[in-house]
Number of protein chains: 2
Amino acid sequence: MATGRTHRPATRSRGIPEATVARLPLYLRALTALSERSVPTVSSEELAAAAGVNSAKLRKDFSYLGSYGTRGVGYDVEYLVYQISRELGLTQDWPVVIVGIGNLGAALANYGGFASRGFRVAALIDADPAMAGKQVAGISVQHSDGLEKIISDNGVSIGVITTPPGVAQAVCDRLVAAGVTSILNFAPTVLTVPDGVDVRKVDLSIELQILAFHEQRKAGEEAAANENAVPAPAGRADSTDQGPDGDVPAVMPA
Amino acid sequence: MATGRTHRPATRSRGIPEATVARLPLYLRALTALSERSVPTVSSEELAAAAGVNSAKLRKDFSYLGSYGTRGVGYDVEYLVYQISRELGLTQDWPVVIVGIGNLGAALANYGGFASRGFRVAALIDADPAMAGKQVAGISVQHSDGLEKIISDNGVSIGVITTPPGVAQAVCDRLVAAGVTSILNFAPTVLTVPDGVDVRKVDLSIELQILAFHEQRKAGEEAAANENAVPAPAGRADSTDQGPDGDVPAVMPA
DNA sequence: CCATCTTTGTGCACGCGTTCACAAAGACAT
DNA sequence: ATGTCTTTGTGAACGCGTGCACAAAGATGG
Ligand SMILES: NC(=O)c1ccc[n+]([C@@H]2O[C@H](COP(=O)([O-])OP(=O)(O)OC[C@H]3O[C@@H](n4cnc5c(N)ncnc54)[C@H](O)[C@@H]3O)[C@@H](O)[C@H]2O)c1
Ligand SMILES: NC(=O)c1ccc[n+]([C@@H]2O[C@H](COP(=O)([O-])OP(=O)(O)OC[C@H]3O[C@@H](n4cnc5c(N)ncnc54)[C@H](O)[C@@H]3O)[C@@H](O)[C@H]2O)c1
C-alpha cells in the first residue's frame, strides 16, 4: 500500500467505513470498464474478481450504499456507476492545483487519468522564477507568489504537493491558509495540518522498503528450506549471506 | 493511503504485524534525520511526534523487534537505525528495474530518493524502439526484448511497472516469469500474480477520489450547518448545489 | 544504598474490518 | 400459482490493530 491516511482516526462518515470508501474507486474502475463493453449487469462474484477483492466484502461494501442489487441477477452496471460516482463526489468537478513542477509534478500534470474522473488541473505552481510562464501539459506554470489568489479565484479545495521535502510543510501551510482542505502529499515528510484538513500521502520509498522486507523474508525462508544444499540460486542478491538473524550491532546502546 | 497491499492477507511474517512493517520506514526516516543532527538518544514521545504517530503505538511496534530501549532514557538513535534497517532488509542492495519509461517512469528514474535507501536502478526498460539507447537519469534505456536477460543478469527481484494499464498484466507476467518476486505497480489495473509474489500499488486517481469523498462530506456538513444563511462561500465548487442526497438516478435497475 | 523520577514494555479492552454462512428475495420456467 | 434456482443482503463470529494505563526497569541524585 503506497498511501496512508494521516489523522482523522476513525471518522466513519455517513456510516460508510473508511476501508469501504478506499475500495469504491476500485469498483468504479471495474464498472467503468464493463460499461464501456456495454455489459448490462454484473454479479458480485464477477465484479469482485475484476476488482481483485472478496465477493462477500464487495457485497457488504455495497450494502453501506443501499440495496442496489437484484437478487438472482446482480447489479445494474450503469446504475451502480452513477451511485458510486455520486457517493464519491465525482458528479461535480474538482479543481486541483499542483505545487512544485519538477520531475514528478510535470509527470502528474501530463497524466491523463486526472480529467477522466472529475478532476481538473486548475493551476501549476512553482517557486522557481525560471519556471514561471513555461508551458507544461498545455498549462502555463505560475509563480508561487500568487498562490493564495490562484486558490481563491479557482475555488480550489484539493492541493497536490510535489516540492522538495524541506519546503513541503511551508507550502502546505500556505495552501491551508488559502482555503485548501484536502492535500495529496508526495514529499517524504510528515505534514501537520489543522482539524478539518485531510492529508493523504504517497511515498514511493516506503513502498519499496515494505517490498524489501518481504523479499528478505522470502529469501530467508528459502535459505532455511534449502539449508545447505546448493550454493546459491545464480546471481540472486544474497551475496552477503547474512542470516535473517545475523545480529551484528553497529553500535551498542549506551 | 495511496497504496494497498494485494494478496497475502495476513501473513504475519516473523511475528511482525504488517501494520508495523508499514510504519518502520516512517520511523527510519525520522531517525535518520535525528542521526544527521547527531542526536544520540530519543524518547518514544519525541520520535512518535516526528513520525506522526501515537507514542504507545511506536513502543508496541518496537517491542516486536526486541527490547532496544533504555527505561528512563529512550532509544539510542544509531542503534535503532541499524536495527530497523536490518529488519527491513536495507543492509543489502536491492537492484530494481523500471518498465515503461514515459512521464512517470522517467520521473522515478530521476528520483534521488531511490539510492538514498538500499535501492539501485539496475535498468530502465521500454517497448518503444525509439526509446532504446536514450539516456534517462544517466542510464541507457533498454528495449523490452531483453527483459528476461536483464532481470537474470542483474539478479533483480523488485520490478516497478509504469507502463500504460493495458499492457501492465503482460509486463507483470514477463517480470514474474523472469524471476521478479516483488512488484510496485503504478498502472491503474488489478494485477494477478502467483503465490509468493508481492504486489503493491500506487494509484493517484484513487487517492484523489478518496479526498473528494471527504471533501464532499465536509461541504455537505457545512451546508447543513449553515442551512440557508449566506448564499455561497464565494467561488467554492458547489455550484450544482446538489444536496448530499440529491438522489436522481440516471438509470433504474431492470 | 535508598528514594525519586523518567520512560519503557506490555496486559488488557475495545472497535473496526473481514469472512462465513444462510435466510430472504426475486427471476424464470412450467 | 407454484417450485426451483440464482444471487443478494446481513447477522454473527473472529482476528487484527489501536490506545489506555500501569508495573517494571533503570537512571540519577543525595
Ligand atoms: N520523482 C519521483 O519519482 C519522486 C518519487 C517519490 C517522491 N518524490 C518526492 O516528490 C518531490 C518532488 O520530486 P521531484 O523529483 O519532482 O523534484 P524536483 O526537484 O524535480 O522538483 C521540485 C520542484 O519544486 C519546486 N519548488 C521548490 N520549492 C518550492 C516552493 N517553496 N514552492 C513551490 N515550488 C517549489 C522546484 O522549483 C522544483 O521545480 C520530492 O519531495 C521528492 O522527494 C519524488
Ligand atoms: N503520469 C502520472 O502522473 C501517472 C499517475 C498515476 C498513474 N499513472 C499510470 O502510470 C502509467 C504510466 O504513465 P505515463 O504518464 O508515464 O505514461 P506514458 O505513456 O508517458 O509512458 C508509458 C511508457 O510505457 C512504454 N510502454 C508501453 N508498452 C510497453 C511494454 N509492453 N513494455 C515496456 N514499456 C512499454 C511506452 O513506450 C511509454 O514510454 C500509466 O499506466 C498511467 O495510468 C501515471
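A, B, ... follow the sequence lines: proteins, then strands. Residue 1 opens every chain.
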Whole-Å distance separating the [atom1] atom of [X] from the [atom2] atom of [N]:
X      : N       : atom1 : atom2 : result
L65(B) : dT8(C)  : CG    : P     : 15 Å
L24(A) : dG17(C) : CG    : P     : 13 Å
D61(B) : dT8(C)  : CG    : P     : 14 Å
E18(B) : dG17(C) : CD    : P     : 17 Å
E45(A) : dT19(C) : CD    : P     : 13 Å
E46(B) : dT6(C)  : CD    : P     : 14 Å
Y27(B) : dT8(C)  : OH    : P     : 13 Å
N54(A) : dC14(D) : CG    : C1'   : 15 Å

The side chain to side chain contact (heavy atoms under 4.5 Å, CB included) partners of Y27(B) (sequence neighbours excluded) come to R23(B), L24(B), A51(B), V53(B), L58(B), D61(B), F62(B), I84(B)
Checking R59(B) now: which residues fulfil salt bridge (Lys or Arg N to Asp or Glu O under 4.0 Å) with it, not counting sequence neighbours?
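With neighbours one apart ignored, the set is empty.
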Give each protein N/O atom lying under 3.5 Å from an N/O atom of nucleotides 9-12 of chain D, with the pair distance.
unit_1	atom_1	unit_2	atom_2	d
dG9(D)	OP1	G69(A)	N	3.0
dG9(D)	OP2	Y75(A)	OH	2.7
dG9(D)	O4'	R71(A)	NH2	2.9
dG9(D)	N7	R59(A)	NE	2.9
dG9(D)	O6	R59(A)	NH2	3.3
dG11(D)	O6	K60(A)	NZ	3.4
dA12(D)	N6	K60(A)	NZ	3.1

Does anything in residues 30-49 of chain B pair up under ring pair (Phe, Tyr, Trp, His ring centres under 6.0 Å), and if so which pairs, sequence neighbours excluded?
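Qualifying pairs, neighbours excluded: none.
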Any side-chain heavy atom of L184(B) within less than 4.5 Å of one from L208(A)?
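Yes, their side chains come closer than 4.5 Å.
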Decide yes or no for L47(A) and L34(A): does some side-chain heavy atom of the first lie under 4.5 Å from some side-chain heavy atom of the second?
yes
Taking atom types as modelled, find out whether S205(A) and Q209(A) have a side-chain donor-acceptor pair closer than 3.5 angstrom.
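Looking only at side-chain atoms, Q209(A) and S205(A) do form a donor-acceptor pair, the distance falling under 3.5 Å.
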Polar contact flag, side-chain donor to acceptor under 3.5 angstrom, S35(B)-E78(B)
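The criterion, which ignores hydrogens and geometry beyond distance, is satisfied for E78(B) and S35(B).
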Sole residue of V99(B), L104(B), N185(B) in side chain to side chain contact (heavy atoms under 4.5 Å, CB included) with T163(B):
V99(B)
Taking side-chain hydrogen bond (donor to acceptor under 3.5 Å, both in side chains) as the test, write out the residues that go with S85(A), two or more places apart.
none
Any side-chain N or O of S44(B) below 4.0 angstrom from OP1/OP2 of dT8(C)?
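Looking at the OP1 and OP2 atoms of dT8(C), one of them is under 4.0 Å from a side-chain N or O of S44(B).
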Could you pull out the protein-nucleic contacts involving nucleotides 28-30 of chain C (nitrogen or oxygen on both sides, under 3.5 Å)?
none

